[in-house]
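Residue numbers begin at 1 in each chain, while the letters A, B, ... track the order of the sequences.
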2 protein chains.
Amino acid sequence: MLGSDGLNSKEKILTQAKTLFAEKGFSGVSMRNLANKVNMSVASIYHHFPDKNSLYLETVQFAFQDKAVVFSAIWQGKSPAEQKLALFVNALIQELAKDREFHCLIQRELVDANPVRMEMLAKDVFHEEFSFLLNVMKEITPERDAHLAAISVLSLCKYHFEMQPIRCFLPDWKPEHEEPQVIANQVMKILLEGIL
Amino acid sequence: MLGSDGLNSKEKILTQAKTLFAEKGFSGVSMRNLANKVNMSVASIYHHFPDKNSLYLETVQFAFQDKAVVFSAIWQGKSPAEQKLALFVNALIQELAKDREFHCLIQRELVDANPVRMEMLAKDVFHEEFSFLLNVMKEITPERDAHLAAISVLSLCKYHFEMQPIRCFLPDWKPEHEEPQVIANQVMKILLEGIL
DNA sequence: GTCTATATGGCGATAGAC
DNA sequence: GTCTATCGCCATATAGAC
């Protein structure tokens, strides 16, 4: 039942599907491409998934499933709110740097903006994480709009990675700008002092 | 030569292509879809463009072509650097709010990350604008890394729009969070004071 | 510059043997 | 659970008439 990589067929399919969908998007990947990549026939894939859309949905859920664990330790900890925020920023940036495919999948989901998938993602994945961040922001700056502040924190972390493909062609770019630690430090500095 | 909308056939095709590519992406749009939308045959489109890829490239350039004009007045003005930054943030957010298709096309380009198109975009479109922003940042905070600071300014503006499809499902969202002026004020406040 | 008709191949999905 | 073979359709692109 398990291959030499310790994965059963379904997991093998999902792993490669994650790679392909992240790279090319839903309509950029054919069942034949995927079958090729996992060394199976198309018909075998259809044995595990009823259709391409279901496969895509399961792939997205598969890509998200281990992410919540990383952050819960931070939110459950006993640090003061400011420190929780710093730990979260660091952890998020590390996670985005480590799992590029995860990052690309989110970006594609947001631009495709399928309303059904969007609500599913919001409820099943983002709601809890966002609530924790929201509470920390409320504690830190009760006079501010916590929702906008939380989005801004996420912006500062995530957009560095979205700009990665083009940044290296822009003036004053340095290789060190790609290091997660450098990015995280910069984000925290802005959050602490502003930029002006 | 010109239709009742004042556009010739090529412009009509590019206008609808911009809408479709922004919504569905390159591989999500077929030549038949597009032909349908402009009330032409597929063959007629191929009279104006040699293939789908060229059509896509021209569409992206078409979508970008009027954008530089909006900002040059700000950079050329005689305001102090801090005020130029504030004007830029406002103008960028207004532009993103006004032209959603433009916003989606950028997001898709960044996630597709075709190296050839990326370098083309960087050189032809972003280089000049980014340089102006960079110079303003250097003047405002000479001790900071200007490249990272400039990216952070763009992050704060652009990511609010990227999160738009999911934000309304997240806790504490209010309709006013979609107003460009509210977003711009929030961005400037963070840049001035930080968040903590 | 626009059309109809068509060539050629890839697509998602299924039938049925092993 | 995996395969080969195949269906019916839609994709990009072209030929050639008007």
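Closest-nucleotide positions on DNA chain D for A:S41 and A:R32 were compared, and the one nearer the 5' end corresponds to A:S41. Ranked by how close their nearest DNA chain C nucleotide is to the 5' end, A:F26 and B:N39 are led by B:N39.
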From CA spacing to verdict: side chain to side chain contact (heavy atoms under 4.5 Å, CB included), A:H103, A:Q107: CA-CA 6 Å; A:H103 169 263; A:Q107 199 173 341; 3.4 Å; yes
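Spacing between atom CD1 of B:I45 and atom P of C:dT4 amounts to 13 Å, rounded to whole angstrom units. In this structure, B:M40 places its CE atom 13 Å from P of C:dT4, rounding to the nearest Å. Rounded to a whole Å, the CE atom of B:M31 is 20 Å from the P atom of C:dT8. When the C1' atom of C:dG10 is taken as reference, atom CG of A:L34 falls 16 Å away, rounded to whole Å. In this structure, A:Y46 places its OH atom 10 Å from C1' of C:dT14, rounding to the nearest Å.
Between A:F26 and A:Y56, the ring planes are perpendicular. Angles over 60° get that label, and only those under 30° would be called parallel. The aromatic rings of A:H177 and B:H147 sit parallel to each other, their planes meeting at less than 30°, with 60° as the upper class boundary.
Remark: B:K123 fails to qualify as a cation-pi partner of A:F169 under the 6.0 Å distance and 45° angle criteria applied to the six-membered ring. A cation-pi arrangement is not found for A:K158 relative to B:Y159, the charged atom failing to lie both closer than 6.0 Å to the ring centre and inside a 45° cone about the ring normal. Geometrically, A:K18 does not engage A:F102 in a cation-pi contact, judged by NZ or CZ lying under 6.0 Å from the ring centre and within 45° of the ring axis. Relative to the ring axis of B:F132, B:K84 does not place its NZ or CZ within 45° and under 6.0 Å from the centre.
Nucleic acid contact class of B:V29 (heavy atoms, under 4.0 Å, all strands): sugar-phosphate only. Within the 4.0 angstrom heavy-atom criterion, only backbone atoms of the sugar-phosphate kind lie near B:S30; the bases stay farther away.
In this structure, A:R32 contributes its side chain and A:V42 its backbone to no donor-acceptor pair below 3.5 Å.
The nucleotide range of DNA chain D contacted by chain A, defined by atoms under 4.0 angstrom from heavy atoms of the protein and reported 5' to 3', is D:dG1 to D:dT4.
No salt bridge links B:E129 with B:K67; every basic N to acidic carboxylate O contact stays at or beyond 4.0 Å.
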Watson-Crick and G-U pairing of DNA chain D, under 3.5 Å, as dot-bracket with | and [ ]: ||||||||||||||||||
